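The structure under discussion appears below in the form of structure tokens.
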Amino acid sequence: MNFYRKMRRIRAITKKRIVKKIRALLICCFFMAAAGVLCLFAGDRYVKRVSKEQILGYEDLAGLPQMDCILVLGCGLRPDGEPTQMLKDRLDAGIALYQTGVAPKLLMSGDHGRIQYDEVNRMKQYAIEKGVPSQDIFMDHAGFSTYESMYRAREVFRVKQAVVVTQEYHLYRAIYDGQRLGLEVWGYPAKQIRYGGQRMRDLREVLARNKDILYCLFQPEPAYLGEAIPVSGDGDRTNDKYTGTIP
């Protein structure tokens, strides 16, 4: 009987120890998760804080020196190949800046990584339909992310000063990336409306801002670079089938 009592006592002590260890582990995990969330929101606030002064209103445009280009960031096409409403709003804002003389060139940066999906040619065609000359519109076919768009603007298109056009929630990160990559970047928000699914986009943007803090810290090269095509030249050099003379 004494043996069985001892065994029960050992099991009870062991169980208590296991429960204590599990409780300590759960508390540790909770504090680590809380610290992680705090870091995410701290990074998010940091990106917004250092970028917000670079966001322009229409009344601020008159005080700008002429930029190298207006950089319009892609954000998707509908299944029929037409720009989404978000993208149309970006394009309309970028074209309006071009027409007021903010910059002599437009740089359309988006995803053309597959033959069957081509944001940038549709963006260029939209601008041409609005009266912008083809030679004033450059296409960045490998702008697969905000970071890559800004990196390629610097390295491929030799941009030094630009006004970036996208929705305001996205501008903070675009400006941050550009500044950390050595560009003089200003942001101009597209039309201020509430799009469907915006709450989820806002949440994803918190993660994306933290991701780009790391990207800008280490500055990895984008998936593609290629030859230099300065925005001071002819935008038709970025056409899929260019037939002009390359200087």
Side-chain angles (χ1 to χ4, degrees), residues 43-75 83-110 120 123-124 126-128 130-133 136-140 143 145-154 157-195 198 201-202 205-206 208-209 212-213 216 230-232 235:
D44 175 69
R45 288 179 65 85
Y46 171 70
V47 169
K48 293 179 74 173
R49 181 174 59 81
V50 300
S51 304
K52 65 181 180 180
E53 296 299 324
Q54 301 300 112
I55 296 178
L56 303 170
Y58 184 79
E59 65 282 357
D60 301 316
L61 297 176
L64 277 183
Q66 190 173 68
M67 300 284 105
D68 296 331
C69 71
I70 297 151
L71 173 54
V72 183
L73 299 175
C75 63
T84 61
Q85 187 59 53
M86 284 186 75
L87 184 52
K88 282 184 179 180
D89 290 341
R90 295 182 188 187
L91 290 165
D92 288 339
I95 292 165
L97 294 183
Y98 168 85
Q99 291 171 340
T100 58
V102 169
K105 306 290 182 178
L106 283 162
L107 173 55
M108 307 300 194
S109 185
V120 290
M123 291 166 74
K124 177 163 184 169
Y126 185 93
I128 290 172
K130 297 289 184 176
V132 181
D136 287 348
I137 309 168
F138 286 75
M139 291 183 289
D140 175 6
S145 68
T146 304
Y147 172 81
E148 289 177 293
S149 292
M150 305 310 294
Y151 197 113
R152 285 174 53 81
R154 183 190 74 183
F157 299 98
R158 297 296 193 254
V159 174
K160 294 180 180 178
Q161 298 174 307
V163 175
V164 184
V165 178
T166 180
Q167 277 70 29
E168 185 171 339
Y169 81 95
H170 185 208
L171 269 180
Y172 299 101
R173 179 160 57 98
I175 292 169
Y176 178 85
D177 289 355
Q179 287 178 328
R180 293 303 178 276
L181 289 168
L183 302 178
E184 183 180 337
V185 182
W186 300 85
Y188 187 78
K191 187 187 296 184
Q192 299 295 316
I193 65 173
R194 188 78 178 175
Y195 302 92
Q198 187 59 41
R201 276 190 290 272
D202 289 338
E205 191 65 16
V206 172
R209 287 171 188 151
D212 279 15
I213 288 174
C216 290
V231 289
S232 56

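We're numbering straight along the sequence, starting at 1. Since the structure is predicted, the reported quantities are computational estimates derived from the model, not experimental observations.
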Quick one: CG on Asp202 to OH on Tyr169, what's the gap to the nearest 0.5 Å? 7.5 Å

May I have the list of side-chain donor-acceptor pairs in residues 53-67 shorter than 3.5 Å, sequence neighbours left out?
from	atom 1	to	atom 2	distance (Å)
Gln54	NE2	Val185	O	3.2
Asp60	OD2	Gly57	N	2.7

For side chain to side chain contact (heavy atoms under 4.5 Å, CB included), just list the numbers for Met123 and Leu87, CA-CA rounded to whole Å, side-chain angles, deciding distance to a tenth of an Å, and then say yes or no. CA-CA 8 Å; Met123 291 166 74; Leu87 184 52; 3.9 Å; yes

Side chains of Ser232 and Asp68: closer than 4.5 Å at any heavy-atom pair? no

Starting at CH2 of Trp186, measure out to CD of Gln179 and round the result to the nearest 0.5 Å. 9.0 Å

So which atom in Leu73 and which in Arg90 form the shortest heavy-atom distance, rounded to 0.1 Å? O-NH1, 2.8 Å

Nearest 0.5 Å, please: how far is CG in Leu91 from NZ in Lys124? 13.5 Å

Taking all non-hydrogen atoms of both residues, which atom of Gly187 and which atom of Val163 are closest, and how far apart? C-CG1, 4.5 Å

Over all atoms of both residues, closest heavy-atom pair of Met108 and Ala127: CE-CB, 3.8 Å

What is the distance from atom CZ of Arg152 to atom CG of Leu181, rounded to the nearest 0.5 Å? 13.5 Å

Could you go step by step and tell me if Gln167 and Ile193 meet the side chain to side chain contact (heavy atoms under 4.5 Å, CB included) rule? CA-CA 9 Å; Gln167 277 70 29; Ile193 65 173; over 6 Å; no

What I'd like to find out is whether the side chain of Leu107 reaches to under 4.5 Å of the side chain of Phe157, using heavy atoms alone. yes

N/O donor-acceptor pair under 3.5 Å between Arg173 side chain and Glu205 backbone: no

For Tyr176 against Asp212, the heavy-atom pair lying closest together: CE2-O, 4.1 Å

Could you pull out every donor-acceptor pair under 3.5 Å between side chains of residues 99-106 and any protein atom, sequence neighbours left out?
from	atom 1	to	atom 2	distance (Å)
Thr100	OG1	Ala96	O	3.3
Thr100	OG1	Leu97	O	2.9
Lys105	NZ	Asp136	OD1	3.1
Lys105	NZ	Gly233	O	2.9

Nearest 0.5 Å, please: how far is NZ in Lys88 from SG in Cys75? 12.0 Å

If every non-hydrogen atom of Val47 is compared with every non-hydrogen atom of Ser51, which pair is closest and at what distance? O-OG, 2.9 Å

Are the side chains of Leu183 and Gln161 in contact, using a 4.5 Å heavy-atom criterion? no

What verdict does the side chain to side chain contact (heavy atoms under 4.5 Å, CB included) test give for Arg201 and Met86, after you've listed the backbone C-alpha separation in whole Å, the side-chain angles of each residue and the deciding distance to 0.1 Å? CA-CA 12 Å; Arg201 276 190 290 272; Met86 284 186 75; 3.7 Å; yes

Are Asp92 and Tyr126 packed together at the side-chain level, in the sense that at least one heavy-atom pair is separated by less than 4.5 angstrom? yes

Separation between SG of Cys216 and CZ of Arg209, rounded to the nearest 0.5 Å: 13.5 Å

Are Arg154 and Tyr151 in a cation-pi setup, meaning NZ or CZ lies under 6.0 angstrom from the ring centre and within 45 degrees of the ring axis? yes

Could you work out, with side-chain contact (heavy atoms from CB on, under 4.5 Å) as the rule, every residue matching Ala162, not counting sequence neighbours? Cys69, Val159

Under 3.5 Å, is there a donor-acceptor pair between the side chain of Asp89 and the main chain of Lys191? no

Do the non-hydrogen side-chain atoms of Tyr46 and Ile213 ever get within less than 4.5 Å of each other? yes

Side chains of Pro133 and Tyr98: does their closest heavy-atom pair fall under 4.5 Å? yes

Closest non-hydrogen atom pair, Pro189 against Leu171: N-CD1, 3.5 Å

